[in-house]
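Encoded as structure tokens, the structure appears first; notes follow it.
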Amino acid sequence: MSTPTEPGLIPFVIQREGEEAAPDNLFLHTVAPGRHRLYYTDEDPRDRDLHGVLWARCSFNPVNSRKQPTGTPQWKLIHPFRQRITMQAMRCQVCAEQARTPLGFIFLAGPRSIGPEQTPLLTNQPPVCAKHARAAARLCPHLEGNPMVFLTRSAPLYGVLGTLYGYGGNGVQVVAQPDAPLPYGHPNLATFLASQLVRRLSSFSVVDMGELQRELSAAAA
């Protein structure tokens, strides 16, 4: 894992030491013969997204005077709730401010994470604002300092990544962890515990970081 080159700046979505997964208190409720729905025993309305999908819980550290999380960053872990709220509201994954720019929205991907012919083009990475695009490229290990940059005016919600639950020999247990996201409307979402929100990029252009900075400068002139 590379060491970030910008001291003090930690993306809002990164999980911190001390922020831990909540105890497993899931159960399956029978809604019809052969049909179940996953619940927490002490469920709160915030545990479900706008599509009614149940989300993994993670604790929160105190925030500082800038309303940013505190604690040592765990660079390879994304906090599920912070990822969800930034992705849903299209806020910057670094500062949590609005991510819209004069060019549309900026999404970054690792240099080898998306094939040139991949369709549909899906991402679990929240957008970045113009101010923090270059910083995000340096700070996020998977971007390797040389990300693919996608400019888009449209990125509709697609679905979620997470874990599928069902009944087994020990009661409610994990039965699958799909590599691909489940789209909203999928029948398995009733017993799915989401951990990351996914959007579909449409009507986008691909540029490198240098081109992005030039286009942003021209748009601001």
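Basis for what follows: all heavy atoms, side chains included, without hydrogens, waters or symmetry-related copies.
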Are Phe192 and Leu38 co-members of a hydrophobic cluster defined by side-chain heavy atoms under 4.5 Å apart?
-> no

Where the side chain of Arg16 meets the backbone of Gly71, is there a donor-acceptor pair that is under 3.5 Å apart?
-> yes

Which is it for Leu77 and Ile14 under the side-chain contact (heavy atoms from CB on, under 4.5 Å) test, yes or no, and what are the steps along the way?
-> CA-CA 6 Å; Leu77 299 179; Ile14 294 295; over 6 Å; no

Which heavy atom of Met90 sits nearest a heavy atom of Gln98, and at what distance?
-> O-OE1, 3.7 Å

Least distance between heavy atoms, Val53 atom then Ala194 atom | CG1-CB, 3.9 Å

From Glu19 CD over to Glu17 CD, what is the distance, rounded to the nearest 0.5 angstrom?
-> 10.5 Å

ILVMFWY cluster, Val174 and Leu54 together (side-chain gap under 4.5 Å) = yes

Nearest-0.5 Å distance, CG of residue Leu103 to CG of residue Leu216 = 4.5 Å

Exercise: identify the closest heavy-atom pair between Leu121 and Phe204 | CD2-CZ, 3.3 Å

Side-chain touch Asp208/Val149, heavy atoms, less than 4.5 angstrom = no

Report yes or no: is the cationic atom of Arg48 (NZ for Lys, CZ for Arg) closer than 6.0 Å to the six-membered ring centre of Trp55, at no more than 45° off its axis?
-> no

If you round to the nearest 0.5 Å, how far is CZ of Arg84 from CG of Leu50?
-> 7.5 Å

CD/Gln15 to CD/Gln83 distance, rounded to the nearest 0.5 angstrom?
-> 12.0 Å

Between His36 and Tyr167, ring centroids under 6.0 Å = yes

Are Arg57 and Tyr40 in a cation-pi contact, defined as NZ or CZ under 6.0 Å from the six-membered ring centre and within 45° of the axis?
-> yes

For a quick test of your reading: what N or O donor-acceptor pairs under 3.5 Å do the side chains of residues 151-164 make, sequence neighbours left out?
| from | atom 1 | to | atom 2 | distance (Å) |
| --- | --- | --- | --- | --- |
| Thr152 | OG1 | Ser154 | N | 3.0 |
| Thr152 | OG1 | Ser154 | O | 2.7 |
| Thr152 | OG1 | Ser202 | O | 2.6 |
| Arg153 | NH2 | Pro102 | O | 3.1 |
| Ser154 | OG | Ser202 | OG | 3.1 |
| Thr163 | OG1 | Gln177 | NE2 | 3.4 |

Yes or no on side-chain contact (heavy atoms from CB on, under 4.5 Å) for Val31 and His29, after CA distance, side-chain angles and deciding distance?
-> CA-CA 6 Å; Val31 295; His29 173 68; 3.7 Å; yes

Report yes or no: do Leu139 and Val128 belong to one cluster of Ile/Leu/Val/Met/Phe/Trp/Tyr joined by side chain heavy-atom distances under 4.5 Å?
-> no

Determine whether Leu143 and Gln125 make a side-chain contact, defined as any pair of heavy atoms from C-beta on separated by less than 4.5 Å.
-> no

Run the ring-centre check on Phe150 versus Phe105 and record whether the distance is less than 6.0 Å.
-> no

Transitive ILVMFWY side-chain link Ile78 to Val94, under 4.5 Å = yes

Shortest non-hydrogen pair, Ala56 vs Pro80, comes out as O-CG, 4.0 Å

Do Pro181 and Asn124 come close enough that some side-chain heavy atom pair is under 4.5 Å?
-> no

Modelled atom types, side-chain donor and acceptor of Thr70 and Asn64, under 3.5 Å | no

Tyr184 versus Asp49, side-chain donor and acceptor atoms under 3.5 Å | yes

Hphob cluster co-occupancy, Ile85 + Ile10, side-chain heavy atoms under 4.5 angstrom | yes

What is the distance from atom CD of Gln68 to atom CZ of Phe12, rounded to the nearest 0.5 Å?
-> 6.5 Å

Would you say Pro126 and Phe107 make side-chain contact, with heavy atoms under 4.5 Å?
-> no

Closest non-hydrogen atoms of Leu108 and Ala136, given as atom of the first, atom of the second and distance, are CD1-CB, 3.9 Å

Verdict with supporting geometry, Val207 and Glu215, side-chain contact (heavy atoms from CB on, under 4.5 Å) = CA-CA 10 Å; Val207 299; Glu215 290 191 30; 3.7 Å; yes

Any side-chain heavy-atom pair from Val198 and Thr123 closer than 4.5 angstrom?
-> no

From Cys129 SG over to Gln93 CD, what is the distance, rounded to the nearest 0.5 angstrom?
-> 10.0 Å

Between Ala133 and Leu212 the two heavy atoms that sit nearest each other are CB-CD2, 3.9 Å

Given side chains that start at C-beta, do those of Glu20 and Cys58 come closer than 4.5 Å, heavy atoms only?
-> no

Establish, yes or no, whether a centroid distance under 6.0 Å links the rings of Phe60 and His79.
-> yes

CA sep, side-chain torsions, deciding dist, call: Met87, Arg82, side-chain contact (heavy atoms from CB on, under 4.5 Å) = CA-CA 8 Å; Met87 194 64 129; Arg82 293 199 290 269; over 6 Å; no

